[in-house]
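Shown next, in structure tokens, is the structure this report addresses.
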Amino acid sequence: MTGRTTERYNPRVEEPRWQKAWEDGKSFEVKHDDSRKPYYVLEMFPYPSGRIHMGHVRNYTMGDVLARYMRAMGRNVLHPMGWDAFGLPAENAAMQNKVHPKAWTYANIAAMRKQLKSIGLGIDWSREFATCDVEYYSKQQKLFLDFLREGLVTRKKSKVNWDPVDMTVLANEQVVDGRGWRSGAIVEQRELNQWAFKVSDFAEELLEALDTLDHWPEKVRVMQRNWIGKSEGLRLLFELTEQWQKFTSIEVFTTRPDTIFGASFIAISADHPLAQSLADNPEVAAFIAETRRHGTATETIDKAEKLGIFTGLHVKHPVKPGATLPVYIANFVLMDYGTGAIFGCPAHDQRDLDFARRYDLPVLPVVLPDGADAATFEVDSEAYNGPGRIYHSEFLDGLEIDAAKKAIAAHFAERTVDNLPQGKVEVNYRLRDWGVSRQRYWGCPIPVIHCENCGAVPVPDKDLPVVLPEDVSFDRPGNPLDHHPSWKHVACPKCAGPATRETDTMDTFVDSSWYFARFTAPHADTPTIPGIANTWLPVDQYIGGVEHAILHLLYSRFFTRAMKQTGHLNLSEPFKGLFTQGMVVHETYQLGTGPNGEWVSPADIRIEQVDGERRASMRQTGEAVAIGSIEKMSKSKKNVVDPDEIVSTYGADTARWFMLSDSPPERDVQWTEAGIEGASRFLQRVWKLVGDFLDLEDDIASRLKGDSDAGVLELRKVVHRAVANVGGEIEGLRFNRAVAQIYELSNAIAKFSQSVASSVSRAQRDAFREAVERLVQLVAPMMPHLAETCWAALGKTGLVVDAPWPVADQSLLVDSTVVLPVQVNGKRRGEITVPVGAAKELVEKEVLSLEAVARMLEGKPPKKLVIVPDRIVNVVI
RNA sequence: GCGGGCGUGAUGGAAUGGUAGACAUACCGGACUUAAAAUCCGGAGGGGGUAUCCCCGUGUGGGUUCGAGUCCCACCGCCCGCACCA
């Protein structure tokens, strides 16, 4: 015996060695002009926070496995990496630690790049970029200008959450109970001039094209559909009984014009111009202020009461001559949907009903549910919004809802109010234009110059890039670009008069809306090289967290269309396949209970099993620790496991293997000590199987005897079955099932290895070699370093990373006989072994001669005999 | 409230309408060892029986089918998304 089997595989030595080999051999660098068919795998690029976490390891490992597999399948695989590097945390760091955002960001990138490289990802690092590189954001400025020329960008006033202390705009999620999350100041609503991408122009197309994205999770498509929020309805003018200031009518939007005869009030938003015009009245003003305050508070919208205030105004009922409806300002009507005004039909809308009950307004049902009695049907506390026939509605009576909608729309189309058609069919979308202006420093400058004479003037292409100045200070609140002594003062490109630069920068979602295209030609002088981009795109498989299911993906879809319109790309959908992976979760541990409880890190505790019960205690002191719920890894709960520590203890391959085992990739995976240990054991097991084979080879002279082929066919069948299945599982991103197949294979090899330990035939030796070689290849996308070491030890020339994916021998996948389970009345009572494709007569004979079947038949013939060829037999008695 | 998803051993999870629990983790037993770890072999859904075997079993209750974890209906529970969208 040589010592091979006793030598443990040492990832600390092997992993850096192979990483260097791949790098030196430029294994993962790709060119677009390659005869192989292109394949583009992309994982959502990370924000450079400074350290990677296990979620990254999982995400990038999945992409890497697919990339390596596709490469072995002969595809020209693009698998790049970059950094989503602009954003607020860099500015926060600047304020807290006096570091420049740029220095902070690039230092973080360097640290994270090193970590990512240590997990052995097959990335084309020559394509790496950060969105804060001037080379990148200058191209983004070019895109902005092209979009502007094309009419895809507008400037408009929009309402923002303004933090008066930090002097900045806050996103909705940064507003907590009406206060700024950082300053605690009461947030104001301000109208600011903002640049916006006209996403809403594409609403219908973005909605319709969702149907073509059949490699996307249904869940994400549903979320986008809801977000776009299409609704078809009628715009309807209600004439005021008396003119008030300039107002002679109120325009409402409704999807239920069929219920017009049940209308009992009009409600307008607190932000409606008519409401504003009434604000001289202190009660109205107070109501509006109160409503707005609530608008920014989170939560409990569900329980919020429907409140309103009567304006003193009335409108004419459009279909009941002589009748009028009161006009209220109501807290549940939104200004930015529809027209900011509604008509209330309490019988058929729950909100309207709640409101009507509170203010004692009439409730008249006009839709009669099928089977209900018109004389007795009533609406009490629950509005009826189901199907039925219209009644109490004169010329609409007897119609179904849809027919009534059409009839009433036609009716109003022929009437006029203020010389306008009284009703107009309209499609409304919830999706709004994308405001991209941010009053921040660390982002892509918006390439526009404001001139008193010429207005907003685009920076001429020749003057790009507009570079962020580096000499900025974060000593005072507000936007450092605005405070900069000289940066913003420039001459107007049009009239050469004094002008100022736009000091707003772009939302960081802009940066991530086209990076996937930039990767196809990352060093080009133009944003893309269309000829190259069009060959790679769309991304074949995009992988990332579901938290980006709406905004990032929707904006990228918009951008792709906008880039098509401006000639930078020639496609509409950026991501052909989308996969949303689950999170990495971990148990939590707490020292002490209740509010005094202190979270402790898994690294600091020890777990023991006492009488079948798991107990935790502090490693140092032995103090008892409570085992808490399983949650997403987070710093605040301290239930994090550091990838660096795992890689240095177990190696990257073990971490990768564990991230792929057991849990289906779309679900959360629970990190456990036992799990990582198990993965490590398997890695050593593969190494040992290869070692067992090599030991046998080394000593072949004394061990080779006989010509037995015992176990050979059996082993080869398992090998080829695994070869046939694993690839498909990887392609379908069912890594857990691929892993199970590989376990089965290694179990079969181990068993075989035992059986030939003392003497082996040539046929057995050959089968053994084939088995370990295939095992190494199948395992290679997941544990690439181990695979290279094994491949080299097996004496193969070249790297396994360059070896083509193995092909299964079809003849070994089919059996000559098959075991058929035999059921009696659906319950399994035995089995028979028959040749594949056996005639029914033979099967029938075999089945009836089974003792268990004969016993249950008691001599009678079966009522029915169901034979599913090569699958199952069911005897019905 | 609306929309989507999921309920299978102690645990993570397998299962084109066709032998439920593959594979793994934890556990138990055995071998090796002075001992432990590692490794190897074996066991294991629950209940009954010496055993051939028998009964029960995929959240609950119905249904379709020769046959249901899988399809249909109702209910219960959990998770996620949107949330006063007219």
Side-chain angles (χ1 to χ4, degrees), chain A residues 5-6 8 217-223 225-227 229-231 233-234 252-257 259 267 269 294-295 299 301-306 330-334 336-345 348-352 354-355 428-431 546-547 549-550 609 612-614 658 661-664 666-670 672-679 681-682 684-685 688 734 736-747 750-751 753-754 819-831 851-852 862-868 870-877:
Chain A
T5 50
T6 55
R8 283 173 67 82
E218 182 56 26
K219 173 183 158 135
V220 174
R221 293 196 287 172
V222 168
M223 282 163 75
R225 208 167 279 137
N226 292 341
W227 188 260
K230 179 179 182 174
S231 62
L234 197 68
V252 307
F253 176 72
T254 179
T255 55
R256 292 299 303 274
T259 63
S269 163
H294 258 280
E299 298 166 39
I301 290 168
D302 207 18
K303 286 176 188 151
E305 280 191 276
K306 307 282 179 281
N331 67 349
F332 64 94
V333 180
L334 306 173
D336 43 15
Y337 188 80
T339 60
I342 62 156
F343 79 76
C345 175
H348 304 292
D349 182 288
Q350 192 60 46
R351 292 159 304 181
D352 298 347
D354 294 346
F355 191 81
N428 240 298
Y429 299 92
R430 205 183 77 116
L431 180 68
V546 74
E547 65 273 20
I550 298 175
Q609 189 117 11
E613 205 186 323
R614 294 174 68 245
F658 176 41
S661 316
D662 295 348
S663 287
E666 68 278 10
R667 272 193 232 173
D668 291 350
V669 63
Q670 192 189 345
T672 60
E673 190 70 11
I676 188 73
E677 289 282 353
R681 265 201 301 277
F682 178 70
Q684 295 296 345
R685 182 172 160 92
K688 185 177 172 300
R734 296 177 293 264
N736 57 321
R737 301 209 304 203
V739 163
Q741 285 270 341
I742 291 170
Y743 272 121
E744 237 165 307
L745 171 59
S746 70
N747 288 344
K751 201 170 165 192
S753 172
Q754 298 269 317
V819 177
L820 293 187
V822 177
Q823 299 179 332
V824 177
N825 289 343
K827 270 196 176 153
R828 186 183 171 282
R829 296 293 167 179
E831 59 188 34
E851 197 210 305
K863 226 184 246 169
K864 192 170 174 184
L865 193 60
V866 182
I867 298 173
V868 184
D870 298 338
R871 292 233 68 139
I872 203 165
V873 180
N874 193 9
V875 185
V876 185
I877 295 178

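Every chain is numbered from 1, with letters handed out A, B, ... down the list of sequences.
Looking at heavy-atom distances under 4.0 Å, A/D349 makes no contact with the nucleic acid at all.
Rounded to the nearest Å, the gap between the C1' atom of B/U60 and that of B/G49 is 32 Å. Annotation: B/A22 and B/G46 have their P atoms spaced 13 Å apart (nearest Å). Straight-line distance between the P atoms of B/G7 and B/C55: roughly 29 Å, to the nearest whole Å. A gap of 24 Å separates the C1' atoms of B/G5 and B/G9, to the nearest Å. Across B/G61 and B/C54, the matching C1' atoms stand 27 Å from one another, rounded to whole Å. With both ends at atom C1', the span from B/U11 to B/G17 equals 29 Å, rounded to whole Å. Using atom P as the reference point in both B/C84 and B/C79, the two lie 22 Å apart (nearest Å). Nucleotides B/U25 and B/A44 are separated by 14 Å at their C1' atoms, to the nearest Å.
Of the two residues contacting RNA chain B, namely A/Q670 and A/R734, the nearest-nucleotide position lying further toward the 5' end is that of A/Q670. Of the two residues contacting RNA chain B, namely A/R871 and A/K230, the nearest-nucleotide position lying further toward the 5' end is that of A/R871.
Here the nucleotide nearest the side chain of A/E744, chosen from B/C80, B/C23, B/G3, is B/C23. Distance from the side chain of A/Y337 is smallest to B/A86 among B/U19, B/A86, B/A24. Here B/A86 is the nucleotide among B/G3, B/U39, B/A86 with the atom lying nearest to any side-chain atom of A/F253. Minimum atom distance to the side chain of A/Q823 is reached by B/G18, of the listed B/A86, B/G13, B/G18. Here the nucleotide nearest the side chain of A/F332, chosen from B/C55, B/C84, B/C82, is B/C84.
Partner assigned to B/C2 is B/G81, using Watson-Crick or G-U wobble distances below 3.5 angstrom. Base pairing of B/U34: no nucleotide in any strand meets the Watson-Crick or G-U wobble criterion (both distances under 3.5 Å). Of all nucleotides present, none satisfies the Watson-Crick or G-U wobble test against B/G69 with each distance under 3.5 Å. When both distances must be under 3.5 Å, the Watson-Crick or G-U wobble mate of B/U60 is B/A74. Across every strand in view, B/A20 sits unpaired, with no contact that passes the Watson-Crick or G-U test at under 3.5 angstrom.
Taking side-chain N and O atoms only, A/R681 has a distance below 4.0 Å to OP1 or OP2 of B/U25. OP1 or OP2 of B/C56 lies within a sub-4.0 Å distance of a side-chain N or O belonging to A/K827. An OP1 or OP2 oxygen of B/U39 is reached within less than 4.0 angstrom by no side-chain nitrogen or oxygen of A/R8. Here A/R828 does not reach the OP1 or OP2 of B/C54: none of its side-chain N or O atoms lies under 4.0 Å away. Put simply, A/T672 has no side-chain N or O that comes within less than 4.0 Å of OP1 or OP2 on B/U11.
The main-chain N or O of A/C345 is found under 3.5 Å from a side-chain atom of A/D352 such that the two form a donor-acceptor pair. Distance alone, capped at 3.5 Å, is enough to place a donor-acceptor pair between the A/N825 side chain and the A/I877 backbone.
A/I872 has its CD1 atom 14 Å from the P atom of B/U16, to the nearest Å. Rounded to whole angstrom, the span from the CZ atom of A/R225 across to the C1' atom of B/G4 amounts to 11 Å. Nucleotide B/A83 holds its P atom 11 Å from the CG atom of A/L334, rounded to whole Å.
Counting all heavy atoms, side chain and backbone alike, A/R430 lies closest to A/N226 at NE-O, 3.6 Å.
More than 90° away from 0 lies the glycosidic angle of B/G77, which makes this nucleotide anti.
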